[in-house]
Structures are given as structure tokens and as C-alpha cells.
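Quick note on labels: first sequence line is chain A, next is B, and so on, each numbered from 1. Just so it is clear, the structure is predicted and the values come from calculations on it, not from any experiment.
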Amino acid sequence: MTEVTTPNVYHPAEIEEKWQNRWAEQGLYDADIDSSRKPFYAVSMLPYPSGDLHIGHWYALVPSDARARFQRMQGFNVMFPIGFDAFGLPAENAAIKHNVHPKEWTYANIERMRGQLRTMGTMFDWRREMVSCDPKYYRWTQWFFTQLFKGDLAYRKSSPVDWCPHCNTTLAREQVWGDDRHCERCDTPVIKRQLEQWFFRTTNYADELLSFSGIEWPERVRTLQTNWIGRSEGAHVTFQTEALGESQESDEIEVFTTRADTLWGATFMVLAPEHPLVDKITTDTQREQVEAYIAEATRQTDVEREATDQEKTGVFTGAYAINPASGARVPIWIADYVLMTYGSGAIMAVPAGDQRDFEFARKYGLDISVVIQPEGEELPDSETMTAAVSAKGVMIHSGPLTGTDSSKDMDKVLAYLEEKGIGRRAVNFRLRDWLISRQRYWGTPIPIVYCPDCGAVPVPDDQLPVELPEDVDWRPTGESPLKLHPTWRQTPCPQCGQEAERETDTMDTFMCSSWYHLRYLSPDYDKGPFDPAEYDYWMPVATYTGGIEHANMHLIYTRFFHKACRDLGILSGDEPMTTLRNQGIILGEDSEKMSKSRGNVVAPDALVERYGTDTIRAYLMFFARWEQGAPWDSNGIEGTFRWLRRVWALCPDSPVGEATNDGTAKDGTAKDTASTLRALKRKVHQTLASVAHDYENFEFNTIVSSLMELLNEMYRAREAGVVGTSEWNEAWSFYLRMLAPTAPHIAEELWQRLWPGDSVHVQSWPEYSEEAAAEEEITLVLQVNGKVRDRLQVAVDIDRDEAEKAALASEIVQKFLDGKEPRKVIYVPGRLVNVVV
RNA sequence: GCGAAAGUGGCGGAAUUGGUAGACGCGCAAGACUCAGAAUCUUGUGUCCGCAAGGAUGUGGGGGUUCGAGUCCCCCCUUUCGCACCA
């Protein structure tokens, strides 16, 4: 038993703040350009200053911080900055609730969160902090907007857009979620409104966004983005409408199809009710019905209209078109199952090959013409068939292409269309342009002035920022609050000087977060959004970490933004972030999503007070697979606390010098001690290898468990009398350095105890010795017919013959052989012998 | 409906290329120390049979490949997530 006179007890409160202050004073985490070292730029998605740091913030930031610290010990020059995504709706909502100005609310929260972030013990370089609602920041957000505008990547158009009636603003398509098409923020179902809004041409980059070459992003995110972008290859085919009278000209209706091989089976056409040609082609006799249908369609919500289980409805326009391949006269209908927002808002209907068209044709008695011979099946009869047959196959009744197998030779079909001038190859995307106008107050003003003569004019660089006025009634009315300001709108046209008006919408806050990683490079730089020298040294971001919920929003926007800026000559490189990783979600102890209303929220501040930062850091890394998350378990944290207490208690209590114990001092146990020392050294090096591997691969839980295992081994070694040996000292030197990224305070305190001087955090990562890690003995598993029957301790270099001999010599093996002759003996070097009978 | 991921003890989770399933921790049980508790320490802990030795069984279910499968292949079930009349 250890003596009770010197209470050597771990009290995190006594050391953590002390070290945080000292590191800050020393500028330990200041990251500056240093061409002699390789840069490592690590970014975690910036937090929104909602008021209190919650456990989710810790979960996102701490393992990222630990990994950044590890990279630093590996010799990289690491920059790990932090900032605040400070514009946005919650500030306005909270401001309304508590009657404080959004700015005041936001900055008070930021101040509070800065304090909380400091208790986390992260290696943030605070000199690089950015705050997106600061005019120094949004000046450049506006500058980027004007650049995109000048490059024709920002444009204004009137279109039906998604409107959240609760947030009183438009939303981007990406911010409308789920079956009921609700607002991503407040869950209210959105409605459509026809509005004049600003868009970015994200669709220009659709194809490039589908390529993930050169970046290491999780499969999951790539799939989400790929599906979101929704590329389909096919053809545009043009149908001519039949002229109504001799004096009239025919119109062209363009359709997109992925199945040009079924063109001969197109027996009717369907236009979306909003299609611009509908009014023109509708005949007098059908007009009443058509208008009634359109009115009904308009009245319906998107949800109702787009419900897939609804029976299809439609109305004949009275007009006909000519199938450009077959020459057939086909009726033109309108139906709401055709969406104006996809393709050209018109389709060629092939009821034999498309289930939707089939149902529609059956309901309204339209012709069905089978043009694909299904492989290995009888030709469906158009009168009796009960479902469309969508597979490709050999084309029939298809003029010159009859006999072509479209499952193999689609190219021939497309070539034919092009040759005959019927259609042309085309690619269609689901992705839409990014709607960035918001009718809210707390955002970056869109830097545009509307002049009666010059039109929409971007505010010149030297007049930026267009500052957000503070004396505004920011209560949402459905109109942009800036519109209601008495004077702010009026401004001379930057081009001709006559009286003009400012744009009063603000930008989607995803615009702010599309480039914040560039502002960290040089937050005070005023000759551009970032200092090119800093950019050249640090970019691209080496690892980017954050939640996966942004896969189709922020993570698409920021990639678009980077590529657009590249093409505008603002920066270089194709991608902003090389490696992306997503943490999972911590649920409440009841396995439900944490929320105030459920009362299952875990408060980090209270945990820090009780256990200290290091314990929470270690627990967050240990308690679940980081990329997966898990329900919180408040008992589990005791285990990590116990571990750190045991580290503290085992650590020698005075500086380490030369070895004071050569391992032979203990009488009669010299041999045992020697093997213990070898085993200790081996375990230390093996742990080193696995810890390093796990840091590289974001496998944080096994880092902590390896360190726990090693500590257990060290406790056993102490009992064997190794204290004071060079192996023991090396174990501590390694242990504290391996611990430092995870539990930086205790590692520093103990390091200073043993090796007073430079911080543990400027030490280099221990050097691995393969020789030291090598096993001398292995457990040879003996199997009979694949079942484990016995185990033997043997030398690691045992050869095949010896191993087989040893196996057959085993009594237990013999018992299970039961006198039978081995038919085959399998030997896996270093692992097992399997005797097969 | 389409796409993706995941199913391992009471719980979180380990397990390079197919080669000792359940590391590490929580929880639980017994014990030590203590007047008692807390803390700490020791031991045990997948399931079933057995006093034990030992044996059987076991990674969502079923089949297959293999000397050998948590891992590879096929089918099915469940859960989570994303998209959804996308032409």
C-alpha cells in the first residue's frame, strides 16, 4: 500500500485554468507562416452564437482539436482557428422575444461563448477569429457578391420560390426538407410565392461538383451530393405543334427524355399546368376546362400536388403535336404530375414504358403503343397489359431503328436523332440555382443599387461595406425590414449619380459561411478578402470537420463558391477542403434528441466544474465511435475520470533524471524484472503505433482505450519493481506525449513535474521502434477441424515443422483427433495450426 | 418506390489482409479496507448444461464459398438517414 501522508490526488480545477492562461500568455498556439515547416490547416464548422456552448459543440470541436494537436506533434505547422456564424434568424427571433437588438444579443452571446470555448482547452489561434456580422467581415462577403455579379454568376429573376410563412422569408431549395416540404429552421411547411429574387448560378458547376477527385470526403456525403445534384443523361427532343388554322404557325415544344429509344411509343404529350405555351395552344372548346384545372392546381399546396400516391389528373388542351420520329399526331394534355421545375416542364408520354404515363393513358383512354420487346418475355399486348414495362431492350415498330437493342446501343439511337435533326444529346440536373435573397434584417445587405437608367448596379469596392443600419424595425412583416427604413434606401446611382434605391433584401447566411475559412487566413487584411501569401501557404484546408446535416447545403455552397472564385481569378485550386469528416450526434440519456423541452440536455459547464476539461475531452473521444455518436451516459464519464486519476496517482512525483534502477536490483527477481521491462517497452511502442494510426483515421475511441490498457500494464510493471529504470522513464515520456492531444492539461502538469521546462505541447511525437514493439513469444492457437482446442506459448519465429509437431504433441489435440489420421494440417505463421481430419 | 449506411453481451463499443469474438470502459456481483458510507483496491461477469473439470453454443435470420466467416457471396428481416410523379 502507498503511504497516506502525501495525498497525491488529481484536482483538475487546480491545474486547468492555470495552464490555459499560461499557454495564452506564451502564444503557444499562434500559427504563423513558417516556410521551414509543412502547413496543416484544420477547420471545424464554425458555431452559431446561440448563447450557450452545448455538448454537441464540444463533441464537434474537441476530437478535431486533439487531432490537430497530434498533427502538430508530428511536426506540422498547425493552424486551428475559430469564429462565429453571427448573422441569422435566431438572433432576430430572440430579439423579438426579449426585446433586445439582434446585434446586442449576438455580441453578448459571442462574448459568453468565447469564455466557454476557452474552458475547452483547445489550441485555437484567437488572433485569427472572424465574426461574420462584423462590417470588416461582411464588407468582403459583399465584395464576393459583386464579383459573382460581374462574372455573371449572380442574377435576378422572378420565379415561384419557396417561402416560409413563419420565418417570413424565402428559402433556398436546399433549406426545404422532408415529405411535407418544411422549413429547415422552424419546421413550418413552405408555400410558393412568385418573387423577384437573386440567384447564384450553382447549376453552371453541376458537372464539376459531381467530381470528387483529389479530395477525400466520406462516401456518404458524396452520395448525398451526387443524388442532390441528380444528373441524368438523355436527349432534348423537339415536337412541333399542329397549326390550328392555315394562318397560324406551329410552335415547338421541347421535352427532355432519358429514353429516346421509346420515342416511337410517345402517343401523347403532357405539359405542366404552368407551361408558357398552354394558354396559346388551348382550343376554344377546351379553354374552360383547362383554365379550371390550372386554377385548381394553383390552389393546391406543393405537398398536395406532389403527393405521389395521388391519382393522376389532367385535361386535354385540344391541341395536337407531331411525333417527330413516327409522324403520328399526338394529343397535348396538361397534368400536374409534370413539374415546371424539372426539365422543360413538358414530357413526351410513353405509356407502354412509363408507369405514370401508363396510368394516365388508361384513365383517359389514350393510345398505348409497345415499342420495346422485353427480353425473354412475350410482347405485351397494349389492350391487356396492366403495367408499363420500363426496361430497355430491342426496339420494335421504330422505323429505321427497329431491331436496335437500346440496353446496349443507346448511342446509335441518339446519333440517329441528331442526324435527323429531331433531337440532340442533353444532360439534365435536379440541382437548381442557389436562391440567396432573404427578406430579413439580420444579414449581409445585398450590395446592389437600382437605378432607373442603369438598372441593377453593384456597389463599387471603395463604397463597401454597405452597412446594415441599426435603427431599423426588425420585426418581420413579410417585407424586408430595410425597406421600411426612412432614409437608408435612397442613394445616388454609383454609375450616373442620379437618385436610386438600394436592394433591401439581405443574403442567405450560407453566403457568409461559404468563405469564412478564407478570412481566418488574415482576418484584419483590408486589401482583399484574404492575404494571398497566407492563402498560398495554408490552403487548402487539410481537414474539415462538422455535422453531416450540411451535406447538401453548406458543403455544396462552399465548393461552388470556391470553384466560382477560381474561375473569377480570385484564388487557385479546385477544392477548398481536402479531407472531410463528420461527427455523429450525441443523444440524451433517454436516447432522444437533446432538447430543452425534453429536459435531457447535457450542460458542459457543469461537467467541467465536476470533472474538469480533460475528463470531458477524453470521455467525448472514448464513449462512442466519433463518426456515429451515441446516447449520453453520465455514469460512463466516471470511468474516464478514474483513468486520469490513476494516471496522476501512478506518475512519479519528482523530476526524472538518470535511471536509478537497472532492473537487477531486486534480489532473486532479476530475471522476472528483465522480462517485465521488455514487456513494458514492447507495450509502450505497440501503443504508440496504434495511437498514431487511430489519430490519422479519426478513431478516437480506441486511442483512449489503448492508453488505458497501457496504464494497466504500467501498474502491473510497477508491482514488478521497475520504478526508476530507463524503461519506466521512457514509458512516462511516451505516455505523457501520447496523452497530450487528448488531455492537454494533465499531460502538461505531469510533464512539467517530470521534465520541467518546455511545454509538452512543443515536444515532438515519440519515435517508434519496430524492434521494441516486436513480440518474442506468441500464443499459437491449435484447432481441430477449425475449432479452437488448445493454445501454446511458442517463440515468434517457430517454423512450420516445429509448429505442426507441437500441435500434434498436444494431449488435447490428440483427444479430439480421437485416433484419426490428420488429412491436412494448415499452418498460419504467427497465428495457428489447424488439424483437419 | 429509388439511393446510402448500419445490425456484435444488460449498455457504449474492440477485432490490419478471412485466422484466439467480446479489447477498453460503463453496469452488475462477490470480497478487502472502513464504526459506516464515499473513494480506492482485488476477483468475476456472452448464453446454456455442469459442484467442478469440461462441454455445447454464439456477431439480425436463412443459405453458400472455405481447413477456417463478425469479416467474402446470394436471399430475407429490422433500424436510421437522404431523395421522391425528376420524365
For A:Arg432, answer base if it contacts any base atom (sugar-phosphate contacts may also be present), sugar-phosphate if it contacts only those atoms, and nothing otherwise; contact means non-hydrogen atoms under 4.0 Å. nothing
Categorize A:Arg356 for me: base, sugar-phosphate, or nothing, with a 4.0 angstrom heavy-atom threshold over every strand shown. base
What are the atom names and distances for every N/O pair under 3.5 Å that joins the protein to nucleotides 46-48 of chain B?
none

How far does the C1' atom of B:U8 sit from the matching atom of B:A69, given to the nearest Å? 14 Å
Please determine, for B:G1, whether a Watson-Crick or G-U wobble partner exists with both distances under 3.5 Å, and give it or none. B:C83
Any sub-3.5 Å donor-acceptor pair from A:Asp433's side-chain atoms to A:Thr202's backbone N or O? yes
Under a 3.5 Å limit on both distances, the Watson-Crick or wobble mate of B:G9 is none
How is A:Arg646 classified with respect to the nucleic acid when contacts are heavy atoms under 4.0 Å: base, sugar-phosphate, or nothing? sugar-phosphate
Aromatic ring proximity A:Trp632/A:Tyr619, centre distance under 6.0 Å: yes
Applying side-chain contact (heavy atoms from CB on, under 4.5 Å) between A:Phe816 and each of A:Arg789, A:Lys787, A:Glu811, report the one that passes. A:Arg789
Please identify each residue that fulfils salt bridge (Lys or Arg N to Asp or Glu O under 4.0 Å) with A:Arg800, with sequence neighbours left out. A:Glu804
Rounded distance (Å) that lies between atom P of B:G82 and atom CH2 of A:Trp177: 7 Å
Provide the distance between the two P atoms, one in B:G27 and one in B:C11, to the nearest whole Å. 15 Å
Does the side chain of A:Arg430 get closer than 4.0 angstrom to OP1 or OP2 of B:C83 through an N or O atom? no
Listed nucleotide nearest any side-chain atom of A:Asn701, set B:G13, B:G25, B:A23: B:G13
Could you check whether A:Val270 gets within reach of a base, just the sugar-phosphate, or nothing at all, counting any heavy atom under 4.0 Å? nothing
The side chain of A:Arg645 lies closest to which of these nucleotides: B:U57, B:G54, B:U40? B:U40
For B:G18, which nucleotide is its Watson-Crick or G-U wobble mate, given both distances must be under 3.5 Å? none
Determine the interatomic distance between P on B:U71 and the same-named atom on B:U66; round to the nearest Å. 16 Å
With a 4.0 Å cut-off on heavy atoms, is A:Thr226 in touch with a base, just the backbone sugar-phosphate, or nothing at all? nothing
From B:C85, B:G27, B:G13, nucleotide with atom closest to A:Arg625 side chain: B:G13
P-based separation of B:U57 from B:C73 [nearest Å]: 26 Å
Give a yes or no on whether the ring-centroid distance for A:His685 and A:Phe734 is below 6.0 angstrom. yes
Looking across every strand, which nucleic acid part, if any, lies under 4.0 Å from A:Gly353 by heavy atom: base, sugar-phosphate, or nothing? nothing
Salt bridge (Lys or Arg N to Asp or Glu O under 4.0 Å) involving A:Arg259 - partner list, sequence neighbours excluded: A:Asp261
With sequence neighbours excluded, tell me which residues meet salt bridge (Lys or Arg N to Asp or Glu O under 4.0 Å) with A:Asp354. A:Arg356
Name the pairing partner of B:G46, where a pair is Watson-Crick or G-U wobble with both distances under 3.5 Å, or state none. B:U57
Quick check on B:U80: is either OP1 or OP2 less than 4.0 Å from any side-chain nitrogen or oxygen of A:Gln628? no
Please work out if A:Trp228 contacts a base, only the sugar-phosphate, or nothing of the nucleic acid, heavy-atom cut-off 4.0 Å. sugar-phosphate
If you check every side-chain atom of A:Asn712, which of B:A23, B:G25, B:C41 has the closest atom? B:G25
Residue A:Asn635, side-chain atoms from C-beta onward, closest of B:C86, B:G55, B:C26: B:C26
Side chain of A:Glu709: nearest nucleotide among B:A87, B:A23, B:U20? B:A23
With both distances under 3.5 Å as the test, what is the Watson-Crick or G-U wobble partner of B:A38? none
On the nucleotide B:U57, are OP1 or OP2 found under 4.0 Å from the side-chain N or O atoms that A:Lys787 carries? yes
How about A:Arg181 and A:Lys192: do any of their side-chain heavy atoms sit closer than 4.5 Å? yes
Is A:Ser634 close to A:Glu589 at the side-chain level, that is, under 4.5 Å between some pair of heavy atoms? yes
Tell me what A:Gly636 touches on the nucleic acid: a base, only sugar-phosphate, or nothing, going by heavy atoms under 4.0 Å. sugar-phosphate
Is there a side-chain contact between A:Arg222 and the phosphate of B:A4, meaning an N or O under 4.0 Å from OP1 or OP2? no
List in numerical order all residues of residues 824-837 of chain A for which some heavy atom is under 4.0 Å away from an atom belonging to RNA chain B. A:Lys824, A:Ile826, A:Val828, A:Arg831, A:Leu832, A:Asn834, A:Val836
Say you pick atom C1' in B:A15 and the same atom in B:A23; how far apart are they, in whole Å? 8 Å
Scan A:Arg823 against the nucleic acid and name what it touches under 4.0 Å (heavy atoms): base, sugar-phosphate only, or nothing. nothing
Do the non-hydrogen side-chain atoms of A:Met269 and A:Asn323 ever get within less than 4.5 Å of each other? no
Students often get this wrong, so: under 4.0 angstrom with heavy atoms, is A:Phe816 touching a base, only sugar-phosphate, or nothing? sugar-phosphate
If you check the A:Thr702 side chain, which of B:A14, B:U20, B:A87 turns out closest? B:A14
Residue A:Met708, side-chain atoms from C-beta onward, closest of B:C86, B:G25, B:A56: B:G25
B:C24 and B:A14, which share atom name C1', separated by this distance in whole Å: 7 Å
For residues 331-348 of chain A, dump all side-chain donor-acceptor pairs below 3.5 Å to protein atoms at least two apart in sequence or in another chain.
residue	atom	partner	partner atom	Å
A:Asp336	OD1	A:Tyr293	OH	3.4
A:Tyr337	OH	A:Asp357	OD1	2.7
A:Tyr342	OH	A:Ser232	OG	3.0
A:Tyr342	OH	A:Asn428	ND2	3.4
A:Ser344	OG	A:Glu254	O	2.5

Are A:Arg430 and A:Trp228 in a cation-pi setup, meaning NZ or CZ lies under 6.0 angstrom from the ring centre and within 45 degrees of the ring axis? yes
